[in-house]
2 protein chains.
Amino acid sequence: MTRAEENYLKAIYQLTAGMNQRVSTTALAERLETKPSSATDMLQKLHDKAMVKYTKYKGAQLSPEGRHIASQIVRKHRLWEVFLVEKLAFGWDQVHDIAEQLEHIKSPDLVERLDAFLDCPKVDPHGDPIPDKNGNIEQINKILLCDQTPNSRSMLMGIKDTDDAFLKYLSQKNIKLGSVITVLDKEPFDESMTVDIDQNTHFISKIISTNIYVQPL
Amino acid sequence: MTRAEENYLKAIYQLTAGMNQRVSTTALAERLETKPSSATDMLQKLHDKAMVKYTKYKGAQLSPEGRHIASQIVRKHRLWEVFLVEKLAFGWDQVHDIAEQLEHIKSPDLVERLDAFLDCPKVDPHGDPIPDKNGNIEQINKILLCDQTPNSRSMLMGIKDTDDAFLKYLSQKNIKLGSVITVLDKEPFDESMTVDIDQNTHFISKIISTNIYVQPL
DNA sequence: ATTATTTTTTAGATAAGACTAAAAATGGAA
DNA sequence: TTCCATTTTTAGTCTTATCTAAAAAATAAT
Ligand SMILES: [Mn+2]
Ligand SMILES: [Mn+2]
Ligand SMILES: [Mn+2]
Ligand SMILES: [Mn+2]
């Protein structure tokens with residue numbers, strides 16, 4: 001698998017959230033910031049390699065083999081993110097681009113040793129689950145903060161839009177994985193919220209609360 | 001810098017042992033297991049990028065910029081080797097190929113954090129010095145074991161030929177960096193040695209003793 | 001059912017990096 | 001100096017991964 005091939009497999013995997021749906025050429029090209037014609041080329045190649053099932057004009061879906069490879073790229077990406085944050089003290093807004101490179105390092109042994117070194121983490125620094133070596137994911141039950149009602153208490157379990165600026169915004173306000181959130185008030189008009197997060201009061205717009213996953217306590 | 005460009009710069013750097021000598025196209029091609037014609041192409045490109053001074057038919061030498069970049073690739077390679085051995089418990093015969101990939105990860109911040117995480121090591125698992133961020137190397141005074149005389153005591157400081165099989169041979173006999181070696185006897189005929197290494201007696205051929213660096217005690 | 005619009009594929013071009021085969025330069029021997 | 005063997009470069013081809021522009025298919029709108 002070349003680096004480009006791996007990136008395509010991962011993109012299909014992420015676009016379908018690990019499910020076995022089909023992905024259109026355009027969607028794939030957009031995600032990879034490339035052109036649809038390039039995606040078509042690659043899908044044909046991946047089809048020949050039996051990594052995807054590709055039907056002209058109908059998009060592509062991962063084969064079992066392709067899905068497994070994709071899951072292992074995601075596994076590596078997230079394990080490396082844990083390493084960078086836990087061991088090298090990077091902020092959660094600084095690790096994505098580096099993990100984007102590290103995920104392509106080839107050595108099955110390395111992945112398993114890294115996993116052990118990190119005490120087999122189940123989620124990455126953004127709360128995203130880490131697939132195991134068979135590609136299985138332990139799904140945790142999480143909902144969006146915007147769907148919480150006043151007086152509810154919940155714990156921050158993940159970030160939906162892991163844009164660097166958003167992550168930086170959160171950590172600057174000391175909001176992090178595990179933070180305990182109590183919804184104090186919800187404005188019906190614009191669905192903005194007043195919330196208590198770890199004993200601090202914050203005013204949160206709808207766009208913020210739509211990008212935070214929580215687990216009700 | 002592409003991966004290929006970095007590999008060429010590193011190869012020139014290593015072939016001249018960090019000195020500023022010229023390297024021939026053939027020597028370079030051999031080191032990189034490629035063809036001289038490919039090396040010529042790359043040298044012309046690196047010359048255009050001012051990374052080497054290349055004169056047709058006369059070989060190439062690193063520019064200050066090229067030498068600095070090369071030193072940082074070597075720095076990364078050796079830091080990652082330390083990480084793999086010290087933190088992930090790899091054997092010293094298992095890390096080269098993985099470091100060969102990791103050395104191309106681009107993130108200045110990462111290198112410095114990794115260095116700190118490892119307590120700023122000065123040598124890699126094979127005893128080779130790690131350049132600092134300016135490319136400076138702390139030279140340690142080491143000689144070959146084959147040049148030691150009977151009754152001398154010395155400490156193992158490095159391996160010359162870091163071939164995997166040789167490394168495995170050594171660790172299997174529990175010979176490692178820091179081992180204390182006393183030369184008991186030296187056979188004039190084939191220059192083989194009887195040595196005591198960490199309280200164990202070993203018979204060592206000339207080819208072995210020529211590939212072990214020691215520091216007299 | 002025809003058009004029109006959007007999506008997708010093909011055709012052809014480009015750049016990096018490697019290769020083979022052939023030409024040119026170099027350095028040593030006669 | 002002249003010839004020869006070796007080294008090095010050039011010329012042309014190949015693969016991977018991209019792009020643009022044009023053709024074809026699918027979808028949506030009359
Ligand atoms: Mn990421
Ligand atoms: Mn992540
Ligand atoms: Mn190495
Ligand atoms: Mn080494």
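Model, not experiment: these values are computed from the prediction. Convention: sequence-line order gives letters A, B, ...; per-chain numbering from 1.
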Has [X] got a side-chain N or O lying under 4.0 Å from the OP1 or OP2 atom of [N]?
{"X": "A:Tyr57", "N": "C:dT10", "result": "no"}
{"X": "B:Thr25", "N": "D:dT9", "result": "yes"}
{"X": "B:Thr34", "N": "C:dC19", "result": "yes"}
{"X": "A:Lys56", "N": "C:dT10", "result": "yes"}
{"X": "B:Tyr8", "N": "C:dA16", "result": "no"}

Polar side-chain atom of A:Trp92 near backbone of A:Leu167 as donor-acceptor pair, under 3.5 Å: yes

Lys/Arg-Asp/Glu bridge criterion (N-O < 4.0 Å) met for A:Glu112, A:Arg75: yes

B:Lys168 bridged to B:Asp164 by N-O distance under 4.0 Å: no

How long is the line joining [atom1] of [X] and [atom2] of [N], in whole Å?
{"X": "A:Arg3", "N": "D:dT18", "atom1": "CZ", "atom2": "P", "answer": "11 Å"}
{"X": "B:Met1", "N": "C:dA16", "atom1": "CE", "atom2": "P", "answer": "12 Å"}
{"X": "A:Leu28", "N": "D:dT18", "atom1": "CG", "atom2": "P", "answer": "11 Å"}
{"X": "B:Met42", "N": "C:dC19", "atom1": "CE", "atom2": "P", "answer": "11 Å"}
{"X": "B:Lys49", "N": "C:dA15", "atom1": "NZ", "atom2": "P", "answer": "14 Å"}
{"X": "A:Asp41", "N": "C:dA13", "atom1": "CG", "atom2": "P", "answer": "15 Å"}
{"X": "B:Leu43", "N": "D:dT10", "atom1": "CG", "atom2": "C1'", "answer": "15 Å"}

Residue mapping more 5' on DNA chain D - nearest nucleotide basis, A:Ala4 or B:Pro36: B:Pro36

Residue closer to the 5' end of DNA chain D, A:Lys58 versus A:Thr2 (nearest nucleotide): A:Thr2

Any residue meeting side-chain hydrogen bond (donor to acceptor under 3.5 Å, both in side chains) with A:His47, in chain and number order, not counting sequence neighbours: none

Taking the side chain as C-beta and beyond, is there a heavy-atom pair between [X] and [Y] under 4.5 Å?
{"X": "B:Leu32", "Y": "B:Tyr8", "answer": "yes"}
{"X": "A:Leu156", "Y": "A:Leu170", "answer": "no"}
{"X": "B:Val183", "Y": "B:Thr149", "answer": "no"}

Heteroatom pairs (N/O) under 3.5 angstrom, protein to nucleotides 20-22 of chain C:
from, atom 1, to, atom 2, distance (Å)
C:dT20, O4, B:Ser37, OG, 3.1

